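Chain naming here is simple, since letters A, B, ... match the order of the sequence lines and numbering starts at 1 in each. Note that the coordinates shown come from a computational prediction; the quantities given were computed from them, not determined experimentally.
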Amino acid sequence: MKMKEYDFTPIEKKWQEKWEKENVFRAKDGEGKKYYVLEMFPYPSGKLHMGHVRNYSIGDVIARFKWKRGYNVLHPIGWDGLGLPAENAAINHKVEPKKWTYENIKRMGSQLKSLGLTYDWKREIATCDPEYYRWNQWFFLKMYQLGLAYRKEEWVNWCPKCKTVLANEQAKDGKCWRCGTEVEQRKLNQWFLKIGDYAEELLEGHKKLEGKWPEKVLTMQKNWIGRSEGAEIDFKVQGIEKSIRIFTTRLDTIYGVTYLVLSPEHPVLEQILEGKLNKEEILKWCNERIKKKKFLKEEVEKEGIFTGAYAINPYNEERIPIWIANYVLMEYGTGAVMAVPAHDQRDFEFAKKYSLPIKVVITPEEGKLDLPLEKAYEEKGLLINSASFTGLRSNEAIKRMITFAEAQQFGHRAVNYRIKDWGISRERYWGTPIPIVYCEKCGIVPVPENQLPIRLPEDVKFTGEGNPLDTSKKFVETVCPKCGGPAKRETDTMDTFFDSSWYFFRYTDPKNDEKPFEREKAEFWSPPDIYIGGIEHAILHLIYARFFTKFLRDIGLIGFSEPFPKLLTQGMVIKEGKKMSKSLGNVVEPDQIIKKYGADAVRLFILFASPPERDLDWSDTGIEGAYRFLKKVWDLFQRNMDILKHDSKPDLSEETLSLRTLTHRTIKKVTEEIEDRMHFNTAIAALMEFYNGISEKEKELRKIESGKAALKEALLSMLHLLSPFVPHITEEIWSKVGGKGFISKAPWPKYEEKLIEKESFTIVVQVNGKVRDRLNVLKGEDEEAIKEKALSSERVKKYIKEKKIVKFIYIPGKIMSFYVK
RNA sequence: GCCGGGGUGGCGGAAUAGGAAGACGCAGGGGACUUAAAAUCCCCUGGACUUUGUCCGUGCGGGUUCGAGUCCCGCCUCCGGCACCA
């Protein structure tokens with residue numbers, strides 16, 4: 001008999017077409033038990049990379065598993081279509097961003113389809129579609145009404161090459177995240193969202209996510225939000241009315257303050273320096289620091305300058321000098337710091353450099369400080385030299401000192417956050433236009449809702465300099481919605497993180513042209529039951545989306561607060577321990593691999609090689625192994641076609657029992673690995689063992705009727721268990737053996753508990769912790785009988801001899817342990 | 001510096017609640033089939049030794065326990081994040 005060979009190309013094409021044509025994976029609003037699988041949508045850069053393949057294969061296994069478990073599954077895909085590369089393409093290759101983007105979407109869409117993913121393509125969205133970004137504009141207007149969106153002049157990171165504003169996180173280490181150019185500081189009018197208003201809630205919400213999000217991500221977010229408790233205290237300035245407010249977490253050290261320090265950008269400087277002879281000199285010094293201060297890689301040498309002014313410590317009325325120093329940040333706290341050189345290392349270094357006094361006010365509870373100090377003593381301890389607070393422990397002193405400040409009205413308890421408001425303005429073209437016009441008469445005027453969307457104009461010039469939107473007269477020149485007079489449009493567009501902060505709701509109602517989405521639909525599907533994506537979005541995207549969800553709740557569009565109750569962050573795909581990159585020349589192209597081995601083999605390998613959260617080392621021989629396995633599976637089914645078509649029921653006859661036990665154990669194992677742990681590598685390993693077990697017994701069992709039935713049960717179970725991982729080959733075999741409909745939707749197999757219980761066990765016998773023998777024991781044998789067996793074993797006897805058994809432990813079904821002396 | 005997460009054969013990884021360390025796969029070695037090769041199949045594959053078996057072995061050093069890759073204490077090291085945050 002000549003067997004048909006495994007020829008994946010036509011098989012994969014055939015089933016991809018069938019699935020699409022017969023609308024197999026359409027999510028149905030409002031029906032049955034729902035399951036929403038979400039993967040981070042891709043930026044349409046032009047082609048799929050292995051990271052995408054991994055991300056979407058993981059999601060697809062879950063989606064297919066849930067379909068087979070009878071769920072109504074929403075598994076959508078879309079495109080994070082706006083962003084800088086489209087514009088760079090326009091500059092470098094003279095292609096319009098729109099054309100470039102949609103061509104990429106088309107190409108990447110067909111790449112995704114070649115992987116056999118279960119997306120509901122009817123729900124495909126693209127953020128660059130005016131029908132999508134109009135809702136960005138709509139949300140912005142709501143935020144503006146609520147005071148959540150506001151405009152202010154702010155120092156911003158400016159990339160001189162991209163000629164754009166960068167968020168702090170896009171300016172890592174002082175370099176532009178895209179082009180690597182050194183970032184400069186500029187002061188510009190910017191639009192901001194008050195994410196700071198939600199800082200506490202964002203932190204509070206983590207409690208619900210514990211155990212469901214990777215701890216790493218939660219910690220990163222916590223650090224990012226950076227809550228710290230302390231007090232704000234006002235210091236009067238001698239000679240002027242104004243006082244300077246500082247924030248401190250160590251109020252217990254306030255008797256050790258020997259000077260105040262202001263950030264070079266501090267607004268109070270103008271007043272303090274009024275009338276001082278060297279005012280200009282000092283301001284010039286400040287400006288120099290502002291320009292270069294941010295994002296320098298190494299720690300900058302501390303530098304300062306005396307203002308000539310003095311402040312009064314409200315606790316002891318002491319007169320202390322006011323300095324300006326480069327180590328104080330304007331964007332944290334109040335931009336002013338009380339300096340306690342004895343108990344803060346930074347102040348200590350500064351005080352040493354400029355010969356400022358160092359006054360010890362905290363001493364350890366046990367032992368003594370060596371004086372003079374060689375470095376600051378930053379620990380908490382007992383207060384000394386602190387008037388009526390002397391002798392108190394730090395924590396108690398802080399409490400009492402705050403109470404004192406509040407009673408005297410020069411200070412109060414305060415909480416500070418590191419997280420800053422979200423600057424969304426980008427001086428760019430390929431983004432969502434901010435729906436604001438500037439009227440000479442009326443000032444800042446929001447565009448009325450009925451004028452949305454404000455579309456991106458097409459008569460723009462891409463020169464690589466400045467904002468292309470400024471070059472479109474048609475766009476810029478408009479009329480004021482309020483007075484009808486001439487006005488100019490805002491030409492800044494929104495940060496693309498705005499687009500990705502709510503796209504997962506749009507999937508639930510993607511064609512709605514009256515609202516962003518229907519609440520009923522959004523709430524039927526969302527929140528997504530699982531969200532899968534790269535760890536690189538641990539902070540920004542995931543915090544913005546959480547913030548956005550709380551905002552949507554506050555305007556009544558949804559009724560819950562956390563968008564992603566369960567998060568799976570997958571590791572990178574690397575090769576030989578290194579990140580894949582063009583410069584290293586170690587990029588593996590999904591297209592070529594699919595062509596050579598087929599989508600099923602690629603999926604199988606990528607899921608088998610490592611658990612999802614770890615980095616995955618791509619291996620050219622590993623993919624061969626996956627392909628080999630599929631060929632073996634194919635052949636196994638080919639040569640057993642007769643059995644599979646035969647009508648039979650497995651029984652409990654003795655010679656089939658071990659295979660039947662293996663079958664049912666494998667069902668259990670694979671089910672749990674997918675459902676509970678999402679460790680697909682071990683699920684696949686179990687299936688390979690299953691294959692080995694079947695092929696070992698195949699010949700024997702084919703000879704008897706009951707054996708054929710057991711084989712049939714095993715083979716069909718295997719086919720179902722394999723199908724979420726390798727959907728094409730299993731669909732093909734399913735159709736060959738006369739399976740009804742699509743295996744993709746046929747019910748997942750169930751295991752029988754009674755077949756999983758083993759008839760006999762191996763009991764390990766240890767003497768003094770070392771394995772000395774293994775006993776075969778039947779189910780139901782009692783402890784005494786087993787013990788007797790163990791003690792009569794020659795191997796065990798040898799080690800016990802005439803020694804005394806001091807301790808004896810028996811763990812049923814596992815181990816027996818003797819401790820002898 | 002601070003906060004996370006790791007470290008198991010030649011390699012990717014497994015061991016889910018403290019109970020047989022190394023499942024499964026890759027690579028390697030040997031054999032079968034073949035004129036030959038590919039493909040396929042079978043066997044071996046942590047180390048050492050005095051090889052019916054014994055001892056050692058999960059980054060290092062201690063500890064708890066009948067029993068530790070797993071728990072505790074102290075280090076080393078790699079990766080990631082944050083970093084003058086008052």
Side-chain angles (χ1 to χ4, degrees), chain A residues 5 169 172-173 214-224 226-228 230 246-250 253 261 263 293 296-297 299-302 325-329 331-340 343-347 349-350 416-419 535-536 538-539 571-572 576-577 604-605 608-611 613-626 628-629 631-632 635 669 672-673 676-677 679 681-692 695 762-771 773-774 795 805-811 813-820:
Chain A
E5 255 179 63
E169 49 274 17
K172 274 179 189 166
D173 303 324
E215 208 179 293
K216 190 182 181 175
V217 177
L218 291 176
T219 325
M220 278 162 77
Q221 290 202 351
K222 264 175 214 158
N223 293 341
W224 189 257
R227 183 183 200 274
S228 83
I246 61 95
F247 172 75
T248 180
T249 55
R250 289 299 302 275
T253 63
V261 212
S263 155
K293 92 176 214 234
L296 289 173
K297 246 191 179 165
E299 197 164 313
V300 185
E301 166 83 18
K302 289 180 179 51
N326 62 345
Y327 72 93
V328 177
L329 307 171
E331 54 279 0
Y332 185 77
T334 59
V337 166
M338 65 178 214
V340 187
H343 305 294
D344 183 290
Q345 188 57 27
R346 294 157 300 179
D347 299 339
E349 285 164 24
F350 191 80
N416 232 297
Y417 298 93
R418 207 192 72 109
I419 193 170
I535 187 85
E536 65 273 19
I539 303 176
M572 280 189 306
E576 278 123 34
L604 188 70
F605 170 71
F608 175 63
S610 134
E613 59 274 13
R614 258 203 249 189
D615 283 353
L616 183 150
D617 212 336
W618 180 265
S619 151
D620 292 329
T621 51
I623 177 86
E624 301 256 5
R628 223 163 15 227
F629 176 70
K631 268 203 297 199
K632 288 195 286 186
D635 291 346
K669 170 86 177 165
E672 287 172 355
E673 292 295 302
D676 306 338
R677 296 213 308 163
H679 277 191
N681 57 329
T682 46
I684 293 166
L687 284 162
M688 288 173 168
E689 284 182 78
F690 192 23
Y691 170 88
N692 293 341
S695 59
T762 306
I763 300 285
V764 173
V765 184
Q766 291 185 347
V767 180
N768 286 4
K770 294 214 157 118
V771 179
D773 202 3
R774 281 151 202 178
R795 291 156 176 267
I805 297 169
V806 186
K807 199 160 182 178
F808 168 72
I809 280 133
Y810 174 61
I811 310 288
K814 277 185 179 160
I815 204 162
M816 181 161 273
S817 177
F818 296 95
Y819 181 50
V820 299

In terms of side-chain heavy atoms of A:Arg418, which of B:A86, B:C82, B:G12 is nearest? B:C82
Rounded to the Å, how far apart are A:Asp347 CG and B:C84 C1'? 10 Å
When you compare B:U8 with B:G13, how far apart are their P atoms, in angstrom units rounded to a whole number? 9 Å
Indicate yes or no: at least one non-hydrogen side-chain atom of A:Glu624 is less than 4.5 angstrom from one of A:Asp620. no
If you look at every strand shown and take non-hydrogen atoms under 4.0 Å, does A:Tyr332 touch a base, only sugar-phosphate, or nothing? base
With sequence neighbours excluded, residues passing salt bridge (charged side-chain N to carboxylate O under 4.0 Å, His left out) with A:Asp676: none
Shortest non-hydrogen contact from A:Ile246 to A:Thr334? CA-OG1, 3.3 Å
Integer-rounded Å distance: B:C66 P and A:Ile815 CD1: 14 Å
Nearest to the A:Glu673 side chain among B:U16, B:A86, B:C24, which nucleotide is it? B:U16
Nearest-Å distance, CG (A:Asn768) to P (B:G67)? 8 Å
Within residues 614-623 of chain A, those residues having any heavy atom closer than 4.0 Å to RNA chain B are A:Arg614, A:Asp615, A:Thr621
Taking only the side-chain nitrogens and oxygens of A:Asn681, find out if one of them lies under 4.0 Å from OP1 or OP2 of B:C24. no
Is the phosphate of B:A15 approached by A:Arg677 (side-chain N or O, under 4.0 Å from OP1 or OP2)? yes
Separation of the P atoms in B:G53 and B:A14, to the nearest angstrom: 32 Å
Rounded to whole Å, the NZ-P distance (A:Lys770 to B:U65) equals 18 Å
Describe the nucleic acid contact of A:Glu672 in one word from base, sugar-phosphate, nothing, applying a heavy-atom distance below 4.0 Å. nothing
Sorted by chain and number, sequence neighbours left out, ring-ring contact (aromatic ring centres under 6.0 Å, His included) with A:Phe690 holds for none
Search all heavy atoms of A:Leu687 against all heavy atoms of A:Phe629 and return the closest pair with its distance. O-CZ, 4.2 Å
Between A:Phe818 and A:Phe808, what is the ring plane arrangement, given parallel below 30°, perpendicular above 60°, and tilted in between? tilted
If you look at every heavy atom in A:Tyr332 and A:Ser228, which pair is closest and at what distance? OH-OG, 3.0 Å
Select base, sugar-phosphate, or nothing to describe what A:Pro611 touches, counting heavy atoms under 4.0 Å on all strands. sugar-phosphate
P spacing across the pair B:G69 / B:A20, given as an integer number of angstrom: 10 Å
Between B:G4 and B:U54 - C1' atom distance, rounded Å: 44 Å
Suppose we screen for salt bridge (charged side-chain N to carboxylate O under 4.0 Å, His left out). Which residues come up paired with A:Arg677, at least two apart in sequence or across chains? A:Glu673
P-based separation of B:U77 from B:U65 [nearest Å]: 32 Å
Between A:Asp347 and A:Val340, is there a donor-acceptor pair closer than 3.5 Å when you use the side chain of the first and the backbone of the second? yes
Nearest-Å distance for atom pair NE2/P, residues A:His679 and B:U16: 11 Å
Take atom C1' in B:U52 and the same atom in B:G46, then report the distance between them in whole Å. 22 Å
Note: A:Arg250 and A:Thr253 closest approach over all heavy atoms is O-OG1, 2.7 Å
Under 4.0 angstrom, heavy atoms only, what part of the nucleic acid is A:Lys222 near: base, sugar-phosphate, or nothing? nothing
OP1 or OP2 of B:G19 sitting under 4.0 Å from any side-chain N/O of A:Lys814? no
Using heavy atoms to find the nearest nucleotide of RNA chain B for A:Ser228 and A:Val767 separately, return the residue whose nucleotide is more 5′. A:Val767
Nearest of B:G25, B:A86, B:G12 to any side-chain atom of A:Met688? B:G25
As a test of the definition: with a 90° window around 0 for syn, would you call B:A39 syn or anti? anti
Reading nucleotides 39-54 of chain B from the 5' end, what letters show protein touch, with B for base, S for backbone sugar-phosphate only, - for no heavy atom under 4.0 Å? SSS-----------SS
Quantified in whole Å, what is the P atom distance between nucleotide B:G22 and nucleotide B:U58? 14 Å
Hey, is the main chain of A:Ala339 close enough, under 3.5 Å, to the side chain of A:Asp344 for a donor-acceptor pair? no
Taking Watson-Crick and G-U wobble pairs with both distances under 3.5 Å, convert RNA chain B into its dot-bracket string, 5' to 3', dots for unpaired and | for cross-strand pairs. (((((((..(((......[....))).(((((.......))))).((((...))))..(((((..]....))))))))))))....
Minimum heavy-atom separation for A:Ala538 and A:Gln221, please, with both atom names. O-NE2, 2.9 Å
Is the backbone N or O of A:Ser610 less than 3.5 Å from a side-chain atom of A:Asp615, with the two atoms forming a donor-acceptor pair by type? no
Assign B:U77 to syn or anti; the rule is syn for a glycosidic angle within 90° of 0 and anti otherwise. anti
Mind checking A:Gln766 for me? I need base, sugar-phosphate or nothing, with any heavy atom below 4.0 Å counting as a touch. base
Is the glycosidic torsion of B:G13 within 90° of 0, making it syn, or is it anti? anti
Is any side-chain nitrogen or oxygen of A:Lys302 closer than 4.0 Å to OP1 or OP2 of B:A86? no
Do any side-chain nitrogens or oxygens of A:Asn692 fall under 4.0 Å of OP1 or OP2 in B:G25? yes
With rounding to whole Å, what would you report as the distance between B:G12 and B:G62 at their C1' atoms? 33 Å
For atom NZ of A:Lys807 and atom C1' of B:U65, their distance in whole Å: 8 Å
Using a cut-off of 4.0 Å on non-hydrogen atoms, how would the nucleic acid contact of A:Gly226 be classed: base, sugar-phosphate, or nothing? nothing
Taking atom C1' of B:U64 as reference, at what distance in whole Å does atom OH of A:Tyr819 sit? 13 Å
Cationic tip of A:Lys302 within the cone over A:Phe350's six-membered ring, i.e. under 6.0 Å and within 45° of the normal? no
Side chains of A:His679 and A:Glu672, donor plus acceptor under 3.5 Å: no
Looking only at side-chain N and O atoms, does A:Thr762 come under 4.0 Å of OP1 or OP2 in B:A20? no
From CZ of A:Phe808 across to C1' of B:U65 the rounded distance in Å is 17 Å
